[in-house]
A.B. asks: 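My questions all concern the structure below.
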Amino acid sequence: MSEYAVLGKRVPRVDALEKVTGAAQYGGDVHLPGMLHGKFVRSKHPHAKILNIDTSEAEKLPGVRAIITQDDVESGRRVFASDKVLYLGEPIAAVAATDPDIAEEAADLIQIDYEVLPAVQDVMEAIQPDAPRLHSDDTKDGPARRAISTVLRKLERDNSQDHSAEIAELNAQLETIEGEVYYNISAETHSASGDVEQGFAESDLVVEDTYVIPRVHQTYMEPHVSVADVESTGKVTVWASTQGPFAIRSGIAGTLGIPLNQINVIPTTMGGGFGGRFGVVLTHVPAVLLSQKTGRPVKIQMTREEEFTDGRPAPGCVIKLKTGVKNDGTILAREGLAFWDSGSISGASIGSTIRLRGVYKFPHLKVDAYGVYTNKSGTAAYRAPGTPQVAFAGESQLDEIARKLNLDPVEFRLKNMRVTGDPVPAGPKEPKVGYKETLQAVADAVDWKNRTKGPNQGWGVAIGDWTNGCGPGGMFVSIHEDGSARIFHGSIDITGTDTALAQIVAEILTLPYEDVTISRGDTDSAPYATGSGGSVVTFTMGNTAKLAAEDTQRRLLELASERLNTEVESLELKDGRVSTIVGDPPKSIGFGELAAYSLSTTGGPIVGKGSFARKPSTPALAAQIAKVEIDPETGRIKVLKMASSQDVGFAINPMAVEGQIEGGTVQGYAWATMEEMQYDKKGNVNPGFVDYRVPTSADLPTVESVIVEVEAPDGPFGAKGVGEPPITPTLATMANAVTDAVGIRITELPMKPEKVVAALHGNGK
Amino acid sequence: MKKHPVSLTVNTDTYDLLIEPRKTLLATLRDTIGLTGTKEGCSTGDCGACTVIVDGKAVTSCMMLGVSANGKEITTVEGLASRDQLHPIQQAFIDKGGYQCGFCTPGFIVASKAYLDENPNATEAEIRHALGNNICRCTGYTKIIEAVMSAAEAMRNA
Amino acid sequence: MRNFEFFEPTTIEDASALLTKYNGKAKLLAGGTDLIIEMKARTATPEYVISLEKIPELADITYDEESGLRIGALTKLRTLEKDSIIRERYTALAEGAGEVGGVQIRHLATIGGNISHGSPAADTAAPLLVLGAQVRIASADGERTVPIELFFLGPGQTVLETGEIVTAFECPPRSANEGSQYIKQKIREVMDLAFVGVASSAKSDNGTVSEVKIGLAAVAPTPLRATDAEAMINGNSLTPELLEQAAAAASAQSSPISDLRCSAEHRREMVGVLTRRTLQAAAALAQG
């Protein structure tokens, strides 16, 4: 892509200086005069009726300014538990005081009387009829009953003829299916194509297994924080560390019944989100309520422990999976049934169960999924929500099949992969895709065919697919009298997206990268921008930036045409000037002169506008190969090599793209080997970094990233979203490598040393 | 509860403060002095975002009381660059893309500075081990380690 | 954190007097890496905190071939880990110290704190057990010395009486034909607490080993010596068969619990594996 001057270059990020000097202002760095500090009173039980809340002792503590409970939420929307708590750590009240230590002391003084109820933490226990129930109206049929019930309903509705005999027969069949009514169900999805029974019947080999993936926390390094300031007019200002300021604005409006135009969300620099930082209930809404009540600014900052007990992590799940193949390695059928641990509220990720189809042809596919209530905090998105879990199941099982059929796991996958134009099982046709190229690229990077290994060493390969989201965004580009350009917008930069936007605008306007600056507004000032999740920003805001830059270009040409007395068609942008394309003598004029001139024209200053909402996204593949070594006595897993390829469409800034690939891969590695939110009957038992382990630099080698560029037709300059895909294969990559090293197949993550040792002793899962 | 007079030298400035004994050095730096470059990521010493240098040694400032820092010399991320030049480690984090969200970055840069001062010829394995008290969730560490390695080389050649 | 009164005495006598005066309501502050975390969690809510940092004699390391090693209780773990004589002669202790947390934590944490806290999983406990450490304890009334084997009473419990402060650890001198090693079972390379910690020390004696000591951590209510295994090995040469028997004996002498980190079975099994490995390494070091 050498035709570009700025795109495709490893330019330093626009926020470089503030990030390395400590100058960047994160949510917790906001300090307002007279600011109070809020702390929560949290449930000490995972499931209990609240009998009484006594705040009298806390109110007497000097420095306490307000205590709120659900009674203070006029809209009635659930912010605090009032009748019943559903998980350990659920907020029941909040205190505002002049000092965070005083607020904490006051929170400890609030007495809650409970009637403790039986709790359920395990997803497979929760679906049983004798399980404690979190909500009413939560019973659903399992797949077999559902198939019959669907026919039954159809027959019952059909009045054209008498179906009573068939109906009686089907009802009798229903009676025979036991244990297929599920309880505590929060949601369900079902998809199918072809006929899986036929597919399995035609298969030479059918492999069936159950995979268990734990609940993990996004573990963004900055805990949730907000500062709210409610003026006497009722105007609400919230400094929020969030992935989506506009989502926060509408969330606060919806939860508290405040008009949208009375809320300004000022986004701060954000310390990581990974999908977990879109909600309003954790800190934003309580801070607004406390500020409303006290008339003073209020900061609420969650502790790391609160992040674990009351955050919205990624759901764990149990996946029953069955795959049928021919002896030559042709995949015929797959059937999956997933139970997602939603926690106490209907949760995220269940929709990703369909990704059990991977990027393979699957003539026959059936996928059923249920969300299940348990006595845990609710869940939210985490980097390609749901896909790492299902890819672990799907890719582990394919690996097992390849081993059984003695097929090369790379060749086996390549053989069955879909290509451009192929039908997607239970979906539309594939657009332009580069699945095979991406897998081949990582195989080439490690010289797969010539790989060698020593004792207790093994190689694992796996893939994961994901399609970036798309959303609305607006942007302005202005040209200053010095000829430089300024971008103004409202989307949140976490990973370097502002840098990509500046590169796009610089490229189109032929400016040096340094001459484009970028500025983010708050929700009062900036045009709407979609939230920074779903790998959406470069795709959406990149397209928006392209439109805004092109609009700017139009105005520059128009002004230059007036000044140079030349037709617009004969002019072009070149090196930050507008010049005649062919001209004798050549004429040109600088952007600065045009900007100065524009101030006295009828048309006015140079302001390019871009506004964009939707274009088709293109699927991207991530493929990984790991080499590991197992200590068979201690069960410890050491990664010797980790290579990670990804189809990114076009890498606007390769350095930033590599950063995404490396970071996502390591998060996947961690999920595979160490991360797990653990629960006993009382709730989460590892709410801190001592027993919830995230990897450090000492645990890993360099991640080798391999960029593959299969152009996305509708992406800006062909770019695809890059943030999410790299986490999707790694759980399976690691498990497959362990299998190759020591012959054990671990189906229940994480692969902690004890589990590896147990499996080597022959009692593993 | 009695507040204690505390005198700290932070970067180049001396602060004479009166603080409650329960305030950590981290809280003192951030809330009392107003130097917010040092971050609070876990407040249990496990993530390293709050790393500062006290009398030449990198420590997790969330585990140290402000009163215990009395009379000591403290360097925070704000104290590394001179008016017109970044510290080589800061420059390397920019050049190598050693940060994403940036929240852990001050802690990493300060911990790296203290470690490279102690061991200027550190190998990659030594650096990976020595920075194990710092958690980064975005980068997967590859570019952080590249940055520290290249800064070490630049500092050796300076 | 609850508020508290803060003291910085400059003598052991003054510190001890304060501890006695505020009996039950006071805590000693050394490196703070345990105490401050507990205070934040309100699992410790002392009304008085007595910092030991200003007591000068608590921070020295001295060694001579006659009297051996003396480590002041306030010595930072990072200092131990890097000290050349400790690395060479008391290797297991340097390794144990280096296994605690990360560099920043070890710049704060002290050996006195690591031991006085009474954790059965303390990384310096098993090394001190095999290095024959004596714990020096002082109070306003005088001093006493307790062998490290007798120091621990149970999780979080030690022999320290009201007003008593650990001032130093003393280990006998060691010669070049003695070696020691500490290994812990963990998941992460750094920043992990010990699932199991094992230290071994041995003296090389013409093809046999003697003065064998094996210390176990995180597998019983207190750190303990695997005395049965030691007895089997002393005076013998380390054959693979003997190592296996010793490993099994050490496992049998442990009494681990199951908790969120791992099961008792896993701990017991790791005691065996790590006993064998540390014995081999200690003997190899002893042979030079």
Side-chain angles (χ1 to χ4, degrees), chain A residues 10 12-13 15-26 28-29 31 99-101 218-223 269-274 301 303-305 494-496 653 655-656 658-667 669 688-690 694-705 726, chain B residues 20 22-23 27 30-31 34-49 76-78 80-81 86-87 89-91 93-107 109 124-125 127-146:
Chain A
R10 307 171 80 88
R13 282 175 57 160
D15 57 359
L17 270 185
E18 62 180 64
K19 286 280 177 76
V20 300
T21 57
Q25 292 279 303
Y26 293 80
D29 303 336
H31 190 94
D99 177 283
D101 285 315
Q218 298 90 350
T219 323
Y220 30 77
M221 291 316 298
E222 180 194 28
T269 304
M270 197 195 70
F274 310 110
Q301 183 167 348
T303 64
R304 184 57 60 179
E305 181 179 349
I494 318 164
T495 58
N653 185 337
M655 187 161 74
E658 288 164 7
Q660 289 304 299
I661 297 175
E662 292 154 8
T665 304
V666 170
Q667 285 181 328
Y669 153 82
F689 283 147
V690 172
V694 295
T696 75
S697 54
D699 295 308
L700 287 149
T702 290
V703 176
E704 298 163 41
S705 46
Chain B
E20 283 187 341
R22 66 173 158 183
K23 295 300 178 189
R30 287 179 54 83
D31 304 336
L35 287 172
T36 55
T38 308
K39 302 300 180 198
E40 180 169 23
C42 71
S43 84
T44 53
D46 298 306
C47 80
T76 70
V77 68
E78 289 95 341
L80 297 184
L86 293 175
H87 188 279
I89 299 173
Q90 293 173 313
Q91 188 60 50
F93 269 68
I94 294 175
D95 295 342
K96 299 290 178 185
Y99 70 88
Q100 285 177 32
C101 84
F103 194 78
C104 72
T105 311
I109 288 176
E124 179 183 337
I127 290 170
R128 282 187 174 272
H129 202 266
L131 294 180
N133 210 150
N134 294 73
I135 297 175
C136 169
R137 192 59 166 171
C138 297
T139 65
Y141 302 107
T142 293
K143 295 204 182 317
I144 289 178
I145 300 301
E146 276 174 24

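Within every chain, numbering begins at 1; the chains are lettered A, B, ... in the order of the sequence lines, protein sequences first and strands thereafter.
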A.B. asks: Please determine, among B:G37, B:C47, B:G41, B:A27, the option with the most heavy-atom pairs under 4.5 Å with chain A.
C.D. replies: B:G41
A.B. asks: Using the rule given for side-chain contact (heavy atoms from CB on, under 4.5 Å), can you reason through A:D101 versus B:K23, listing the C-alpha separation, both sets of side-chain angles and the distance that settles it, and then say yes or no?
C.D. replies: CA-CA 9 Å; A:D101 285 315; B:K23 295 300 178 189; 2.7 Å; yes
A.B. asks: Quick one: does A:Y669's side chain have a donor or acceptor within less than 3.5 Å of a partner on B:G140's backbone?
C.D. replies: no
A.B. asks: When you measure from the side chain of B:Y141 to the backbone N and O of A:D699, does any donor-acceptor pair fall under 3.5 Å?
C.D. replies: no
A.B. asks: Give, as side chain, backbone, both or neither, the part of B:K96 having an atom under 4.5 angstrom from any heavy atom of chain A.
C.D. replies: backbone
A.B. asks: For A:Q218, is it the side chain, the backbone, both or neither that has a heavy atom under 4.5 Å from a heavy atom of chain B?
C.D. replies: backbone
A.B. asks: Among the options A:P12, A:P223, A:G688, pick out the one with the most heavy-atom pairs lying under 4.5 Å from chain B.
C.D. replies: A:P223
A.B. asks: Quick check on the interface: out of A:Q667, A:M270, A:K19, A:E704, who has the most heavy-atom pairs with chain B under 4.5 Å?
C.D. replies: A:K19
A.B. asks: Between B:K39 and A:E222, does any NZ, NE, NH1 or NH2 come within less than 4.0 Å of an OD or OE carboxylate oxygen?
C.D. replies: no
A.B. asks: Contact part of A:E658 toward chain B, heavy-atom cut-off under 4.5 Å: side chain, backbone, both or neither?
C.D. replies: both
A.B. asks: State the CD-CD distance between B:E146 and A:E662, to the nearest 0.5 angstrom.
C.D. replies: 6.5 Å
A.B. asks: So which residue, A:T702, A:V666, A:T665, ends up with the most heavy-atom pairs under 4.5 Å with chain B?
C.D. replies: A:T702
A.B. asks: Rounded to the nearest 0.5 Å, how far apart are OG1 of B:T142 and CG of A:L700?
C.D. replies: 7.5 Å
A.B. asks: What's the shortest heavy-atom distance between A:F689 and B:C42, and which atoms?
C.D. replies: CD1-CB, 3.6 Å
A.B. asks: How long is the straight-line distance from CD of A:Q25 back to OG1 of B:T36, given to the nearest 0.5 Å?
C.D. replies: 4.5 Å
A.B. asks: I'd like to know which of B:L86, B:T105, B:N133 tops the heavy-atom pair count under 4.5 Å against chain A.
C.D. replies: B:L86
A.B. asks: Which one, A:G272, A:A656, A:G22, leads in non-hydrogen pairs under 4.5 Å with chain B?
C.D. replies: A:G22
A.B. asks: With respect to chain B, which residue among A:S697, A:G663, A:A698 yields the maximal number of heavy-atom pairs within a distance under 4.5 Å?
C.D. replies: A:S697
A.B. asks: Between atom CZ of A:R304 and atom OG of B:S43, what is the distance when rounded to the nearest 0.5 Å?
C.D. replies: 9.5 Å
A.B. asks: Give a yes or no on whether a salt bridge exists between B:R30 and A:D29, defined as a side-chain N under 4.0 angstrom from a carboxylate O.
C.D. replies: yes
A.B. asks: Please determine, among A:G273, A:G664, A:A23, A:G271, the option with the most heavy-atom pairs under 4.5 Å with chain B.
C.D. replies: A:G271
A.B. asks: Tell me, for B:I94 versus chain A, whether the close heavy atoms (under 4.5 Å) come from the side chain, the backbone, both or neither.
C.D. replies: both
A.B. asks: Check B:F103 against A:Y26 and note the closest heavy-atom contact, atom names and distance.
C.D. replies: N-OH, 3.2 Å
A.B. asks: Less than 4.5 Å apart, side chain to side chain, heavy atoms only: is that true for B:L131 and A:T696?
C.D. replies: no
A.B. asks: For A:T303, is it the side chain, the backbone, both or neither that has a heavy atom under 4.5 Å from a heavy atom of chain B?
C.D. replies: neither
A.B. asks: Atom SG of B:C138 and atom CD of A:Q660: how far apart are they, to the nearest 0.5 Å?
C.D. replies: 8.0 Å
A.B. asks: Any idea which of B:E124, B:K143, B:E20, B:E40 has the most non-hydrogen atom pairs under 4.5 angstrom with chain A?
C.D. replies: B:K143
A.B. asks: Quick one: CE on A:M221 to CD on B:Q100, what's the gap to the nearest 0.5 Å?
C.D. replies: 13.5 Å
A.B. asks: Check each atom of A:F274 against the heavy atoms of chain B and say whether the ones under 4.5 Å are side chain, backbone, both or neither.
C.D. replies: side chain
